[in-house]
Peer 1: 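The structure follows.
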Amino acid sequence: MKADNRYISYLDGFRGYAIFFVVLAHLHLSNMNVAFLGVNLFFFVSGFLITKLLIHEVNKKQRIDLKAFYIRRLLRLYPALIVMILLSLTIILINHYEIIWKDIMAGLFYFTNYFLVYSDFVLPDQNYLLVSRILWSLSVEEHFYLIFPLLFVAFYPMKGYTFAMILVALIVMITIGRVITYIEIADKAKVFEINYYTTHSRADSILFGCLSAILIYRHDSRWYLKISRSKISILIGVILIVLSLVITEDFFKNTFRYTVQCIGFALVIPSFSYLKPGSVISRFVDNPVANFVGRLSYSIYLFHWVALKAGNIYFAPKSIVWLISVVLFTTVLSITSYYLVEMPFVSLRKKFGSNA
């Protein structure tokens, strides 16, 4: 299949479900395993899409403009991030908290995941708006996208399946690393922190998406395309995803859960390219509501955390009033951010090759 930079609506649909899972768990309407699934889904979709776009660029221009790539990332992420951090600081100061500046700096410079795991800090109470607690996954993605384009430029031109095999090797190494962490560290709470938050333990979830795109758009792999065209693959993928949620054994949860989920995603997500438009399965993901939520997913990701912590301060947590206020505040902030903060930068990003 030929790579292009056209908008893929079903990927926004999956993003919509991903952020829905995250918010659902944070609102205490589901357990946190659902949030973990949402984050992993974000990672896979992000890797799949960015690799497809890089393949399209190299096919069209015979090179990757790394400078333009990094500028596009900055213009995509920083405007809303800065607004979110400024709003967080305002709420912190209004409620007379002392600012944890390491947390703010971690948010601005994308090292919140390592800050959470390896820094000593004391929260004044559980309602303090610690931005690192939500921005850790953004840090994982940005660390990945700082390095992956360099790997792409270096290894993508190699003949055969060399680059794909390199990605497989990295996935295996990261998975083994999680197993070693689990075996060597006695404190299982610390094991969870390391294996869940750190880039060196979670980048494989993004790599799975990258590998999937490489097999489809670089190699046109017959075996993978055959799998992707089969509805049975969707069923098997869903079963794997469900199993990853219901298996509660501690070793599995801290090591192979993310791997099993990503194998499930690799079976399910590419299949949507071959589903009949308007079919029941297709419309379940690729529909106006899910697509719209998916387009707002970055804003929702940032601002639902602000709304949640503000709601905890002013209302009884988990009450009906609290729930309504958090949902309304999230909706208003996310839509405002998307249209007034993010969208004005679209034309500028297009100058550097964005198709948004």
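The analysis underlying the following values was restricted to heavy atoms, covering all of them including side chains, and did not include hydrogens, waters or symmetry mates. Index from 1, following the sequence. Keep in mind that what you see is a predicted model, and the values were worked out from it rather than measured.
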Peer 1: Examine distances only and state if a side-chain atom of Asn287 and a backbone atom of Ala290 form a donor-acceptor pair shorter than 3.5 Å.
Peer 2: yes

Peer 1: Do Leu146 and Tyr70 come within less than 4.5 Å of each other through their side chains, counting heavy atoms only?
Peer 2: yes

Peer 1: Do Ile263 and Trp223 share a hydrophobic cluster (ILVMFWY, side-chain heavy atoms under 4.5 Å, transitive)?
Peer 2: yes

Peer 1: Kindly indicate whether a cation-pi arrangement holds for Arg295 with Tyr338, taking the cut-offs as under 6.0 Å to the six-membered ring centre and within 45° of the axis.
Peer 2: no

Peer 1: Quick one: list whatever passes ring pair (Phe, Tyr, Trp, His ring centres under 6.0 Å) with Tyr301, sequence neighbours left out.
Peer 2: none

Peer 1: Just so I know, are the side chains of Tyr161 and Ile214 near enough to count as touching, which here means a heavy-atom distance under 4.5 Å?
Peer 2: no

Peer 1: Over 60° means perpendicular and under 30° means parallel, so tell me whether Trp136 and Phe43 are parallel, tilted or perpendicular.
Peer 2: perpendicular

Peer 1: Just checking, Lys309 and Tyr128: is the charged tip under 6.0 Å from the six-membered ring centre and within 45° of the axis?
Peer 2: no

Peer 1: Assess the residue pair Val268 and Val238 against the criterion (side-chain contact (heavy atoms from CB on, under 4.5 Å)); give the C-alpha distance rounded to whole Å, side-chain angles, the decisive distance to 0.1 Å, and a yes or no.
Peer 2: CA-CA 7 Å; Val268 171; Val238 170; 4.2 Å; yes

Peer 1: CG of Leu29 to CZ of Phe21: how many Å apart, nearest 0.5 Å?
Peer 2: 13.5 Å

Peer 1: Using the ring of each side chain (for Trp, its six-membered ring), is Phe14 parallel, tilted or perpendicular to Tyr10, with breaks at 30° and 60°?
Peer 2: perpendicular

Peer 1: Contact between Tyr224 and Ser212 at the side-chain level, heavy atoms closer than 4.5 Å - yes or no?
Peer 2: yes

Peer 1: What distance do Ile19 atom CD1 and Ser299 atom OG have between them, rounded to the nearest 0.5 Å?
Peer 2: 10.0 Å

Peer 1: Of the non-hydrogen atoms in Phe144 and Ile206, which two are nearest, and what is the gap between them?
Peer 2: CE2-CG2, 3.5 Å

Peer 1: I need the Leu302 CG to Leu135 CG distance, nearest 0.5 Å.
Peer 2: 6.5 Å

Peer 1: According to a hydrophobic-cluster definition based on side-chain heavy atoms being under 4.5 Å apart (Ile, Leu, Val, Met, Phe, Trp, Tyr only), do Val326 and Tyr314 belong together?
Peer 2: yes

Peer 1: Could you tell me how the ring of Tyr196 sits relative to the ring of Tyr258: parallel (under 30°), tilted (30 to 60°) or perpendicular (over 60°)?
Peer 2: tilted

Peer 1: So, for Arg218 and Met158, which heavy atoms are closest and what is the spacing to 0.1 Å?
Peer 2: NH2-O, 2.9 Å

Peer 1: Heavy-atom count around Glu249 CD within 6.0 Å, excluding the residue itself: above 12?
Peer 2: yes

Peer 1: Under 6.0 Å between ring centres, would you say that holds for Tyr110 and His143?
Peer 2: no

Peer 1: Check for me whether Arg229 meets the cation-pi criterion with Tyr274, that is, NZ or CZ under 6.0 Å from the six-membered ring centre and within 45 degrees of the ring axis.
Peer 2: yes

Peer 1: Hey, does Met32 have a side-chain heavy atom less than 4.5 Å from the side chain of His26?
Peer 2: yes

Peer 1: Does atom CZ of Phe284 have more than 12 heavy-atom neighbours, drawn from other residues, nucleotides or ligands, at distances under 6.0 Å?
Peer 2: no

Peer 1: Are Leu308 and Thr330 side-chain neighbours, meaning at least one heavy-atom pair lies under 4.5 Å?
Peer 2: no

Peer 1: Quick check against the 3.5 Å criterion: does Arg257 have a side-chain atom that pairs as donor or acceptor with the backbone of Ser244?
Peer 2: no

Peer 1: Salt-bridged, Arg76 to Glu342, with N to O below 4.0 Å?
Peer 2: yes

Peer 1: Take atom NZ in Lys318; do more than 12 heavy atoms of anything else shown fall under 6.0 Å from it?
Peer 2: no

Peer 1: So, the side chain of Lys190 versus the backbone of Val117: is there a donor-acceptor pair under 3.5 Å, distance only?
Peer 2: yes

Peer 1: Counting only heavy atoms not in Phe20 (residues, nucleotides, ligands), do more than 12 fall under 6.0 Å from its CZ?
Peer 2: no

Peer 1: Treating Ser230 as the side-chain partner and Ile227 as the backbone partner, does any N or O pair qualify as donor plus acceptor under 3.5 Å?
Peer 2: no

Peer 1: Roughly how far apart are Gln62 CD and Asn59 CG, rounded to 0.5 Å?
Peer 2: 8.0 Å

Peer 1: Using a 3.5 Å distance criterion without hydrogens, assess whether the side chain of Asn127 forms a donor-acceptor pair with backbone atoms of Ile313.
Peer 2: no

Peer 1: Assess the pair Phe265 and Phe208: is the distance between their ring centroids shorter than 6.0 Å?
Peer 2: no

Peer 1: Taking the side chain as every heavy atom from C-beta outward, state whether Leu170 and Leu151 have any pair of such atoms under 4.5 Å apart.
Peer 2: yes

Peer 1: Counting the benzene-type ring for Trp, do Phe303 and Phe329 have ring centres under 6.0 Å apart?
Peer 2: no

Peer 1: Does Lys52 offer a backbone N or O that forms a donor-acceptor pair with the side chain of His56 under 3.5 Å?
Peer 2: no

Peer 1: With the side chain counted from C-beta on, respond yes when Leu75 and Arg72 share a heavy-atom pair under 4.5 Å apart, and no when they do not.
Peer 2: no

Peer 1: For Thr198, does its backbone N or O pair with a side-chain atom of Asn113 as donor and acceptor, under 3.5 Å?
Peer 2: no

Peer 1: Just by distance, no angles: are the side chains of Ser46 and Tyr145 close enough, under 3.5 Å, to form a donor-acceptor pair?
Peer 2: yes

Peer 1: Are any side-chain N or O atoms of Ser30 and backbone N or O atoms of Ala25, one a donor and one an acceptor, separated by less than 3.5 Å?
Peer 2: no

Peer 1: What's the shortest heavy-atom distance between Thr199 and Val140, and which atoms?
Peer 2: OG1-CA, 3.6 Å

Peer 1: Do Val289 and Val280 sit in one hydrophobic cluster, given that two such residues count as connected whenever their side-chain heavy atoms are within less than 4.5 Å of each other, even indirectly?
Peer 2: no

Peer 1: So, are Arg133 and Glu193 salt-bridged, with charged N and O less than 4.0 Å apart?
Peer 2: no

Peer 1: Could you pull out the closest heavy-atom pair between Asp250 and Lys188, with the gap in Å?
Peer 2: OD2-CG, 4.1 Å

Peer 1: Could you list the cluster mates of Leu328? Members are the ILVMFWY residues connected by side-chain heavy atoms closer than 4.5 Å, either directly or through other members.
Peer 2: Ile320, Ile324

Peer 1: Check whether any side-chain N or O of Ser279 sits under 3.5 Å from a backbone N or O of Lys276 as a donor-acceptor pair, and report yes or no.
Peer 2: yes

Peer 1: Quick one: sort the Tyr156 and Phe163 rings into parallel, tilted or perpendicular, breaks at 30° and 60°.
Peer 2: perpendicular

Peer 1: Distance from Phe69 atom CZ to Ile71 atom CD1, nearest 0.5 Å?
Peer 2: 12.0 Å

Peer 1: Does the side chain of Val332 reach to within under 4.5 Å of the side chain of Thr336, using non-hydrogen atoms?
Peer 2: yes

Peer 1: Is it possible for you to say whether Leu340 and Leu77 belong to one hydrophobic cluster, with membership spreading through side-chain heavy-atom contacts below 4.5 Å?
Peer 2: no

Peer 1: Determine the minimum heavy-atom distance between Ile91 and Val306, stating which atoms define it.
Peer 2: CD1-CG1, 3.4 Å

Peer 1: Answer yes if the side chains of Ser139 and Thr112 hold a donor-acceptor pair under 3.5 Å, and no otherwise.
Peer 2: yes

Peer 1: How close do Asn40 and Cys262 get, counting heavy atoms only, and between which atoms?
Peer 2: ND2-SG, 3.7 Å

Peer 1: Checking side-chain contact (heavy atoms from CB on, under 4.5 Å) for the pair Thr331/Val327: CA distance, chi angles, key distance, verdict?
Peer 2: CA-CA 6 Å; Thr331 302; Val327 171; 4.2 Å; yes

Peer 1: If you measure from CZ on Phe115 to CZ on Phe109, what distance do you get to the nearest 0.5 Å?
Peer 2: 14.5 Å

Peer 1: Using atom types as modelled and distance alone, determine if a side-chain donor or acceptor of Arg15 lies under 3.5 Å from a backbone N or O of Gly294.
Peer 2: no

Peer 1: Should we say atom CE of Met173 is surrounded by more than 12 heavy atoms from elsewhere, each under 6.0 Å from it?
Peer 2: no

Peer 1: Can you confirm whether more than 12 heavy atoms, excluding those of Lys60, are under 6.0 Å from its NZ atom?
Peer 2: no

